[in-house]
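The block underneath contains the structure these notes are about, expressed in structure tokens.
For clarity, every value in this text was computed on a predicted model and none was experimentally measured. Quick note: numbers below take in every heavy atom, side chains included, and nothing from hydrogens, waters or symmetry partners.
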Amino acid sequence: MDLKTELFNIYRSEDFPEYDDFMHLLEKALNLLENENSLYRPKEKYGEKFSGGLLDFCSEKKFGKEKKPVVVIPDIHAREYFLWHILNFEIELEDLNKTSASEKKSGQENEDCLISEKMSILEACQKKLIYLVCVGDIFHSELRCYDRWKEAFAEFNRGVIKSEAMNQEMLENLKVLQMILKLKLSCPETFHCLKGNHENILNEEGRGNHPFYKMAAEGEMFYQFMSEQYDDAVIYILSCLEHALPLCAVFPNLVISHAEPFFELTRSKIINYRKFPEVTLALTWTANGEAKKDSVSESIKNLLGKNCENAVWIGGHRPVKNKYGLRQNGKYVQIHNPDEENIAVVKPDRKFNPETDILRVDVEI
């Protein structure tokens with residue numbers, strides 16, 4: 001079965017994943033995330049020396065001069081339809097060295113030409129023509145399903161963990177999780193999901209996490225549901241997987257994380273995030289107005305070097321009313337609008353323009 005069919009079957013499913021299949025998927029994904037290719041994900045210097053918290057796609061020595069567009073996915077929050085629309089959305093890819101058939105006939109095949117080609121994001125990701133990066137927060141439907149959360153919470157307080165409302169919530173959550181992991185296993189170099197503050201199955205305090213509650217006791221309800229639907233083994237593996245997610249991705253003109261960096265960050269600290277839990281906290285929980293002055297510009301310099309005037313930092317975490325919000329003198333761009341289905345497309349050869357480079361993926365579906 002090809003990947004698109006596999007993802008479509010998950011997207012349309014009305015059943016929770018079977019225990020053995022789900023555990024196998026979690027274990028495979030965990031093994032990959034803890035042992036990613038150090039060419040783009042440097043290993044930690046401490047502890048088990050697993051893959052570190054930084055994805056680095058900047059080095060010409062490692063990746064050559066050919067640079068790919070980066071598609072940034074904001075917070076998903078259990079919107080399996082959003083992820084499906086993204087994967088089917090067609091973007092325009094440009095190839096400077098591609099020669100058209102008419103040019104070949106006229107003997108111009110040795111000259112550079114600019115050919116544009118439209119291709120689905122999924123196909124482009126599979127063919128290694130783009131990078132696809134999600135900023136995290138794959139769980140919890142939030143305000144979109146406010147009434148459902150309130151209904152589930154009322155049932156939870158009466159001792160009913162697997163209520164009809166919570167079943168529907170968790171079905172959406174686990175469908176998105178399965179799709180994310182299938183994508184990662186099939187496209188390990190080009191698809192990446194960063195950790196957000198909602199990736200906390202244990203609802204723990206510590207290791208860069210805070211317990212989660214907003215409209216209900218979402219963190220505890222999620223945990224209790226998974227305990228009843230599966231068992232402690234699944235919860236343990238999922239917790240390990242969440243802590244194995246990278247925190248930050250860097251490209252020649254772009255940095256991505258879930259939240260605005262709370263303070264100035266260095267490569268070493270991000271790579272060795274398990275030793276520095278404050279780094280996880282700084283990249284997943286920062287509220288608007290909390291970050292230290294110039295934390296973005298100084299962190300960009302540390303990660304990309306001095307020639308980074310055109311670089312931007314893109315994240316989600318806090319909702320925006322329109323297509324985007326700008327912070328830190330325009331260097332930090334928030335793109336999470338929970339009422340729209342937007343992505344950011346960052347081209348390697350030009351400065352990111354949020355007016356033209358943030359696209360809605362649901363209009364053409």
Side-chain angles (χ1 to χ4, degrees), residues 7 9-11 13-34 75-80 82-83 134 136-142 144-146 148-185 193-245 258 280 284-285:
L7 294 171
N9 288 343
I10 296 170
Y11 165 58
S13 175
E14 292 299 323
D15 299 314
F16 290 104
E18 294 291 335
Y19 182 93
D20 289 343
D21 294 339
F22 190 41
M23 179 62 97
H24 181 63
L25 178 62
L26 291 172
E27 288 176 332
K28 281 184 68 178
L30 174 60
N31 182 61
L32 171 60
L33 287 167
E34 288 184 337
D75 309 33
I76 295 178
H77 286 303
R79 292 180 288 170
E80 79 277 24
F82 179 28
L83 183 54
C134 175
D137 274 10
I138 63 179
F139 298 134
H140 305 152
S141 60
E142 292 209 303
R144 172 174 64 89
C145 297
Y146 176 85
R148 188 170 75 191
W149 272 116
K150 288 302 180 185
E151 182 183 339
F153 189 44
E155 290 293 305
F156 182 76
N157 285 332
R158 286 194 286 268
V160 181
I161 293 170
K162 295 180 64 179
S163 63
E164 184 178 344
M166 197 60 188
N167 280 341
Q168 189 57 44
E169 169 70 24
M170 291 302 298
L171 180 63
E172 293 177 5
N173 279 272
L174 294 184
K175 285 202 285 188
V176 170
L177 176 61
Q178 289 176 88
M179 292 170 76
I180 291 281
L181 299 185
K182 292 280 186 183
L183 280 164
K184 182 60 185 174
L185 289 166
C193 183
L194 308 180
K195 185 185 183 309
N197 61 308
H198 285 252
E199 278 69 71
N200 182 9
I201 180 62
L202 297 177
N203 203 34
E204 67 182 353
E205 176 66 50
R207 295 196 291 175
N209 282 330
H210 291 313
F212 196 86
Y213 53 91
K214 188 179 286 187
M215 292 157 294
E218 293 95 328
E220 184 62 23
M221 292 165 71
F222 195 112
Y223 172 79
Q224 293 291 345
F225 185 97
M226 292 296 286
S227 295
E228 275 210 11
Q229 181 69 28
Y230 298 104
D231 62 11
D232 288 345
V234 164
I235 290 173
Y236 172 74
I237 297 296
L238 180 52
S239 172
C240 292
L241 188 148
E242 289 173 339
H243 283 285
L245 292 170
H258 177 69
T280 300
T284 58
W285 268 98

Practice problem: With the side chain counted from C-beta on, respond yes when W149 and M221 share a heavy-atom pair under 4.5 Å apart, and no when they do not. | Solution: yes

Practice problem: List in chain and number order the residues that pass side chain to side chain donor-acceptor pair (under 3.5 Å) with H140, two or more places apart in sequence or in another chain; answer none if no residue qualifies. | Solution: H198

Exercise. Measure the CZ-CG distance between F222 and L202 for me, rounded to the nearest 0.5 Å.
Key: 11.0 Å

Self-check item: Side chain K195, main chain E199, donor-acceptor under 3.5 Å
Solution: yes

Practice problem: Search all heavy atoms of L181 against all heavy atoms of A29 and return the closest pair with its distance. | Solution: CD2-CB, 3.8 Å

Self-check item: Nearest atoms (heavy-atom pairs only) where L171 meets S13
Solution: CD2-O, 4.2 Å

Exercise. Taking the side chain as every heavy atom from C-beta outward, state whether F22 and V234 have any pair of such atoms under 4.5 Å apart.
Key: yes

Practice problem: Measure across N203 and E220 and return the closest heavy-atom pair with its distance rounded to 0.1 Å. | Solution: ND2-N, 3.4 Å

Quiz item: Could you give the distance from NZ (K28) to CG (L32), rounded to the nearest 0.5 Å?
Solution: 9.5 Å

Practice problem: Check the pair D137 / E142 against side chain to side chain contact (heavy atoms under 4.5 Å, CB included), numbers first and verdict last. | Solution: CA-CA 11 Å; D137 274 10; E142 292 209 303; 5.9 Å; no

Self-check item: More than 12 heavy atoms from other groups under 6.0 Å of NZ on K150
Solution: yes

Quiz prompt | Taking every non-hydrogen atom, the tightest pair across L174 and F16 | solution = CD1-CD2, 3.7 Å

Quiz prompt | Student check: side-chain heavy atoms of K182 and L7 closer than 4.5 Å | solution = yes

Self-check item: Sub-4.5 Å side-chain heavy-atom contact between E155 and M166
Solution: no

Practice problem: Could you grab the distance from atom CG of N31 to atom CG of L241, nearest 0.5 Å is fine? | Solution: 11.0 Å

Quiz item: Say you draw a straight line from CD1 of I161 to CE of M170; how long is it, rounded to the nearest 0.5 Å?
Solution: 11.5 Å

Quiz item: Under 3.5 Å, is there a donor-acceptor pair between the side chain of E27 and the main chain of H24?
Solution: no

Quiz item: Below 4.5 Å, heavy atoms only, C-beta onward: do Y223 and P211 meet side chain to side chain?
Solution: no

Quiz item: So how far is it from F139 CZ to I201 CD1, rounded to the nearest 0.5 Å?
Solution: 6.5 Å

Quiz item: Can you tell me how far CD of E151 sits from OG of S163, rounded to the nearest 0.5 angstrom?
Solution: 6.5 Å

Quiz item: Donor-acceptor pair, D75 side chain versus H77 backbone, under 3.5 Å?
Solution: no

Quiz item: L26 and L238: which non-hydrogen atoms are nearest, and at how many Å?
Solution: CD2-CD1, 4.1 Å

Quiz item: How far apart are the closest heavy atoms of W285 and G208, and which atoms are they?
Solution: CD1-O, 3.9 Å

Self-check item: Contact check, side chains of L194 and H258, non-hydrogen atoms, under 4.5 Å
Solution: no

Self-check item: Criterion side-chain hydrogen bond (donor to acceptor under 3.5 Å, both in side chains) on N197 and H210, from CA distance to verdict
Solution: CA-CA 8 Å; N197 61 308; H210 291 313; over 6 Å; no

Quiz item: Is the count of non-hydrogen atoms from other residues, nucleotides or ligands lying under 6.0 Å from E228 atom CD greater than 12?
Solution: yes

Quiz item: Any salt bridge (charged side-chain N to carboxylate O under 4.0 Å, His left out) pairs touching residues 166-177, not counting sequence neighbours?
Solution: E80-K175, R144-E172, R148-E169, R148-E172

Quiz item: Quick one: side-chain contact (heavy atoms from CB on, under 4.5 Å) partners of N9, sequence neighbours excluded?
Solution: M1, T5

Quiz item: Hey, is CZ on F225 packed in by over 12 heavy atoms from elsewhere, all under 6.0 Å?
Solution: yes

Exercise. Compare all side-chain heavy atoms of P17 with those of L25 and state whether any distance is below 4.5 angstrom.
Key: no

Exercise. Using a 4.5 Å cut-off on heavy atoms from C-beta on, say whether the side chain of D231 contacts that of Y19.
Key: yes

Practice problem: Verify the neighbour count for atom OH of Y146: are there more than 12 heavy atoms of other residues, nucleotides or ligands below 6.0 Å? | Solution: no

Practice problem: Look only at the side chain of N173 and the backbone of L177, and say whether a donor-acceptor pair between them is shorter than 3.5 Å. | Solution: no

